[in-house]
Asks: 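This structure is in structure tokens; I'll ask about it shortly.
All values below come from the heavy atoms of this structure, side chains included, with hydrogens, waters and symmetry mates left out.
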Amino acid sequence: MKSPHRLMQGVAVAAVAVATTLSVPSVASAHQARPGAGAHQECKGVTVDQSAPVISRASVLIKAPVRTVWKLHTDIDAWDTWIPEITPAQKKTPGPLRPGSVFEWSPQNMKVTSTVTTVRQGRCTAWAAPVNGIDGVHLFTFKQVRGGVLATTEESWAGAPAEADIPGNQAALDTGLKDWVNRLKTTAETKTGCAGHQDK
């Protein structure tokens, strides 16, 4: 049987090598594992499980309009066009993404059913992502800043499988979240013609 962190690597696209880096001093790091106390992302009062043994965060500056980034993020049925490692993915609840929306996705051929807990249009989403005994909470936030959109994702893993190998699961989640936001950056910037642009 595969270890839990091996199974979960596909959830956050850990197998994908994405050659994208941040180029602004104010966002010097594209990745911050184990955010400090009180530093967690929030979406309308919802945060990750702050007591979970595994918590990770990744941020990236995307040089694209927030509407482009938001559409890519929330159009779950089209995830396969830019993040195939976690597809097939399909929204099961009709209409726009909102609290109570349910979607299915398939990291590493596992069927995961997630339920959206909160949405703030153009600003943030949060959903529950339980799989194989791990209780996941996943947030994305989008903030307009000088030069584009600061996209941040934060996720917590709790439960016995997460606790069984904390270092291994932490490493898998760290790598996977960084890959996910960098893939979002690459796709959004390509769509808007900003790919490859470097700040002077």
Asks: If you look at every heavy atom in Asp49 and Ala158, which pair is closest and at what distance?
Replies: OD2-CB, 3.7 Å
Asks: Indicate yes or no for a side-chain donor-acceptor contact from Thr115 to the backbone of Gly100 under 3.5 Å, with no hydrogens or angles considered.
Replies: no
Asks: What is the distance from atom CH2 of Trp79 to atom CG of Asp77, rounded to the nearest 0.5 Å?
Replies: 10.0 Å
Asks: Give a yes or no answer on whether the side chain of Asn169 reaches the backbone of Asp165 with a donor-acceptor pair at less than 3.5 Å.
Replies: yes
Asks: So, the side chain of Ser106 versus the backbone of Pro88: is there a donor-acceptor pair under 3.5 Å, distance only?
Replies: yes
Asks: Quick check against the 3.5 Å criterion: does Thr175 have a side-chain atom that pairs as donor or acceptor with the backbone of Ala172?
Replies: no
Asks: Would you name the heavy atoms of Ala64 and Val69 that are closest together and state the gap between them?
Replies: CB-CG2, 4.3 Å
Asks: On a heavy-atom basis, which atom in Val66 and which in Phe142 lie closest, and how many Å separate them?
Replies: CG2-CB, 4.4 Å
Asks: Does some side-chain heavy atom of Arg98 sit less than 4.5 Å from a side-chain heavy atom of Thr93?
Replies: yes
Asks: Side-chain heavy atoms nearer than 4.5 Å, only ILVMFWY residues, links allowed to pass through others: does that put Ile166 and Trp157 together?
Replies: yes
Asks: Decide yes or no for Glu155 and Ser56: does some side-chain heavy atom of the first lie under 4.5 Å from some side-chain heavy atom of the second?
Replies: no
Asks: Using 0.5 Å steps for rounding, measure from the CD1 atom of Ile62 to the OG1 atom of Thr192.
Replies: 9.5 Å
Asks: Looking at Asp80, is its backbone amide N or carbonyl O close enough to the side chain of Thr87 to form a donor-acceptor pair, meaning the two atoms are under 3.5 Å apart?
Replies: no
Asks: Compare all side-chain heavy atoms of Leu184 with those of Val60 and state whether any distance is below 4.5 angstrom.
Replies: no
Asks: In Å, rounded to the nearest 0.5 Å, how long is the span from CG of Leu173 to CZ of Arg57?
Replies: 12.5 Å
Asks: Using 0.5 Å steps for rounding, measure from the CD1 atom of Ile83 to the OG1 atom of Thr187.
Replies: 8.0 Å
Asks: Please check if the side chain of Arg67 supplies one atom and the backbone of Pro65 the other of a donor-acceptor pair under 3.5 Å.
Replies: no
Asks: Write down the atom of Lys63, the atom of Gly147, and the distance for their closest heavy-atom approach.
Replies: CG-O, 3.4 Å
Asks: Quick one: do His73 and Thr125 satisfy side-chain contact (heavy atoms from CB on, under 4.5 Å)? Show the steps, please.
Replies: CA-CA 9 Å; His73 171 62; Thr125 62; 2.8 Å; yes
Asks: List the atom of Thr118, the atom of Cys43, and the distance in Å for their closest heavy-atom pair.
Replies: CG2-O, 3.2 Å
Asks: Considering non-hydrogen atoms only, spot the tightest contact between Leu61 and Arg146 and give its length.
Replies: CD1-O, 4.4 Å
Asks: Given side chains that start at C-beta, do those of Val119 and Val116 come closer than 4.5 Å, heavy atoms only?
Replies: yes
Asks: May I ask you to check whether Trp105 and Ser114 show a side-chain donor-acceptor distance below 3.5 Å?
Replies: yes
Asks: Checking Thr186 against Glu189: is there a side-chain donor and acceptor pair closer than 3.5 Å?
Replies: no
Asks: May I ask you to decide whether Glu85 forms a salt bridge with Arg183, counting only side-chain N to carboxylate O separations under 4.0 Å?
Replies: yes
Asks: Out of curiosity, Leu139 CG to Ser156 OG, how far, rounded to the nearest 0.5 Å?
Replies: 8.5 Å
Asks: Starting at NZ of Lys191, measure out to OG1 of Thr68 and round the result to the nearest 0.5 Å.
Replies: 8.5 Å
Asks: Taking side-chain hydrogen bond (donor to acceptor under 3.5 Å, both in side chains) as the criterion, tell me which of Gln41, His138, His40 meets it with Glu154.
Replies: His40
Asks: Could you tell me whether the side chains of Thr152 and Ser59 share a donor-acceptor contact shorter than 3.5 Å?
Replies: yes
Asks: Does the ring-ring contact (aromatic ring centres under 6.0 Å, His included) test come out yes or no for Trp70 and Phe140, once each step is laid out?
Replies: CA-CA 10 Å; Trp70 183 255; Phe140 279 86; 9.7 Å; no
